Number of protein chains: 2
Amino acid sequence: MARLSDLIEEFIKSMINDMDGAIEIQRNELASRFNCVPSQINYVISTRFTNEKGYYVESRRGGGGYISIRRLNTNSAADYIMHIITSIGDKISQHTCEVFINNFVDYNIISNREAMLMRAATSDKALMEVPMDRRDDVRAMILKNMLTSLTVI
Amino acid sequence: MARLSDLIEEFIKSMINDMDGAIEIQRNELASRFNCVPSQINYVISTRFTNEKGYYVESRRGGGGYISIRRLNTNSAADYIMHIITSIGDKISQHTCEVFINNFVDYNIISNREAMLMRAATSDKALMEVPMDRRDDVRAMILKNMLTSLTVI
DNA sequence: GCGTTATAATAGTCAGAGATAGTCAAATTG
DNA sequence: CAATTTGACTATCTCTGACTATTATAACGC
């Protein structure tokens, strides 16, 4: 049986996605949407939207009160990636490409496995079929495309 | 006379088969189906669904709790990938490529993020710089290279 | 008008009840 | 004896509700 807390968590997360990383909700409104007591919302927030999980929560009581939830890091990771994408020109060598990829691993933006996939896709070995003088162009496109896919979440 | 534990083991295994390698059960429900105490389920799991025997078990207590059992792909994942690699010819269309990638996700061989990276690297968009009549060759090489990298880990 | 005091509208806390699963050792079986 | 079965006790997660805390706004007294 699906837990109510999980449903609420999902709902909030998709709201956050829709709203580009930050939302402001009203506890009672959300509770009544899910037919639960308001304190259940606190439970969900305190167990699922913690700091360690990358969220920052603020709230205010009284008339016009609210709970705001912001997703941390994710956006700055996306920003960082976007920055790198724009800094990559029309061409990139295999070596420079690897430097970038290693940086992403260092910054915890991608996992080791993901790094291996990216290296594999941009290696000279993979681009053997492409004439040498066009390889760095193709590589740049592939790398940019992969990076862009990461910013979509 | 067949021991109860063996019956439960068989039951779980056939469920896993029916469900393509992964199930989620409720301890109490299963116990009452076999008219035994709940802890018997733990016994069966700890003696028959161990890591060495190729299973991965997770559980959660509390309301809506569950026990999930997954059959590991261990070496067969690498075997499966190698098999796919050899079955990919010198050319592959974007569409066929995506079918493969989606299958890998379904078989838990790659994560969703990894799938996105692979799609991004093999899309026509990424290969724009490559002349149309060479694209499927380059794509095949990139895909094979990425797949090979996965077997190394 | 201005400061003070209710009132209403929020959100927070915490402890207890309910719903699961885990552990371990004694009893049983074959 | 080794494997299985059982059950009492424990651990963990979820849900609920009573009580508390905070804030905005309206009402009041001067």
Side-chain angles (χ1 to χ4, degrees), chain A residues 1-16 18-19 21-72, chain B residues 1-16 18-19 21-72:
Chain A
M1 165 175 298
R3 284 156 298 253
L4 181 54
S5 291
D6 291 346
L7 297 179
I8 298 174
E9 175 188 5
E10 274 319 299
F11 181 80
I12 293 177
K13 281 188 173 163
S14 86
M15 261 184 99
I16 292 177
D18 292 348
M19 302 303 279
I23 61 166
E24 202 171 287
I25 56 178
Q26 305 234 276
R27 190 179 77 149
N28 291 341
E29 189 193 312
L30 191 54
S32 72
R33 182 193 297 258
F34 283 96
N35 262 309
C36 64
V37 295
S39 58
Q40 175 110 29
I41 307 301
N42 296 85
Y43 176 70
V44 173
I45 288 173
S46 66
T47 56
R48 271 92 161 160
F49 293 89
T50 62
N51 254 326
E52 304 88 56
K53 295 188 178 170
Y55 293 91
Y56 181 62
V57 179
E58 278 178 324
S59 68
R60 193 163 169 177
R61 312 185 190 190
Y66 61 84
I67 301 176
S68 90
I69 306 177
R70 260 178 297 166
R71 190 175 50 210
L72 303 177
Chain B
M1 167 166 148
R3 278 153 308 194
L4 182 51
S5 289
D6 293 341
L7 296 179
I8 297 174
E9 175 188 4
E10 275 320 299
F11 182 79
I12 293 177
K13 282 188 174 164
S14 86
M15 261 185 98
I16 292 177
D18 291 348
M19 301 302 280
I23 60 167
E24 201 171 288
I25 56 177
Q26 305 232 274
R27 189 179 77 149
N28 291 341
E29 191 192 310
L30 192 54
S32 73
R33 182 192 298 258
F34 283 96
N35 263 308
C36 63
V37 295
S39 58
Q40 175 111 29
I41 307 301
N42 295 85
Y43 177 70
V44 172
I45 288 173
S46 64
T47 56
R48 271 91 161 161
F49 294 89
T50 62
N51 255 326
E52 303 87 55
K53 296 190 176 169
Y55 294 91
Y56 181 62
V57 178
E58 278 178 322
S59 68
R60 193 162 158 179
R61 312 187 190 189
Y66 61 82
I67 300 176
S68 89
I69 306 177
R70 260 180 297 168
R71 195 173 43 211
L72 295 179

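Because only heavy atoms are used, hydrogens play no part in the values below, and waters and symmetry mates are left out as well, while side chains stay in. Per chain, numbering begins at 1; letters A, B, ... match sequence-line order. All values reported here derive from a predicted model rather than from experimental measurement.
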N or O in side chain of B:Ser5 less than 4.0 angstrom from D:dA3 OP1/OP2: no

Euclidean distance, atom CD of residue A:Glu58 to atom P of C:dG12 [Å, nearest integer]: 12 Å

Nucleic acid contacts of residues 35-44 of chain B, taken as heavy-atom distances under 4.0 Å to DNA chain C: B:Ser39, B:Asn42

Donor-acceptor pair present, B:Arg3 side chain and C:dG30 base, under 3.5 Å: no

Between SG on residue A:Cys36 and CG on residue A:Leu30, distance to nearest 0.5 Å: 7.0 Å

Side-chain donor/acceptor of B:Arg61 to base of C:dG22, under 3.5 Å: no

Distance in angstrom units between B:Ile45 CD1 and D:dT4 C1', rounded: 16 Å

Nearest atoms (heavy-atom pairs only) where A:Lys13 meets A:Tyr55: CE-OH, 3.4 Å

Separation between CD1 of A:Ile41 and CD of A:Gln26, rounded to the nearest 0.5 Å: 12.0 Å

Length of the CG-P vector between B:Leu7 and D:dT4, whole Å: 12 Å

Length of the line joining B:Phe34:CZ and D:dT5:C1', which is rounded to integer Å: 15 Å

Sugar-phosphate only, base, or nothing, as touched by A:Gly63 at under 4.0 Å among non-hydrogen atoms: base

For atom CD of B:Glu24 and atom P of C:dA21, their distance in whole Å: 10 Å

Tell me which donor-acceptor pairs under 3.5 Å the side chains of residues 47-54 of chain A have, and how far apart each pair is, sequence neighbours excluded?
unit_1: A:Thr47; atom_1: OG1; unit_2: A:Tyr43; atom_2: O; d: 2.8
unit_1: A:Thr47; atom_1: OG1; unit_2: A:Val44; atom_2: O; d: 3.4
unit_1: A:Arg48; atom_1: NE; unit_2: A:Glu9; atom_2: OE1; d: 3.2
unit_1: A:Arg48; atom_1: NH2; unit_2: A:Asp6; atom_2: OD1; d: 2.4
unit_1: A:Thr50; atom_1: OG1; unit_2: A:Lys53; atom_2: N; d: 3.3
unit_1: A:Lys53; atom_1: NZ; unit_2: A:Thr47; atom_2: O; d: 3.2

Distance (rounded to the nearest 0.5 Å) between B:Ile69 CD1 and B:Met15 CE: 8.5 Å

Distance, nearest 0.5 Å, that separates CG of B:Asp18 from CD1 of B:Ile23: 10.0 Å

Nucleotide C:dT20, atom P - distance to CG of A:Asp6 in whole Å: 13 Å

Interatomic distance, A:Leu4 CG vs D:dC13 C1' [rounded to whole Å]: 13 Å

Any A:Asn28 side-chain N or O less than 4.0 Å from OP1/OP2 of C:dA11: yes

Nearest non-hydrogen partners of A:Ser5 and A:Gln40, listed with the distance: OG-NE2, 2.9 Å

Atom-pair distance (CZ on B:Arg27; P on D:dG7), nearest Å: 13 Å

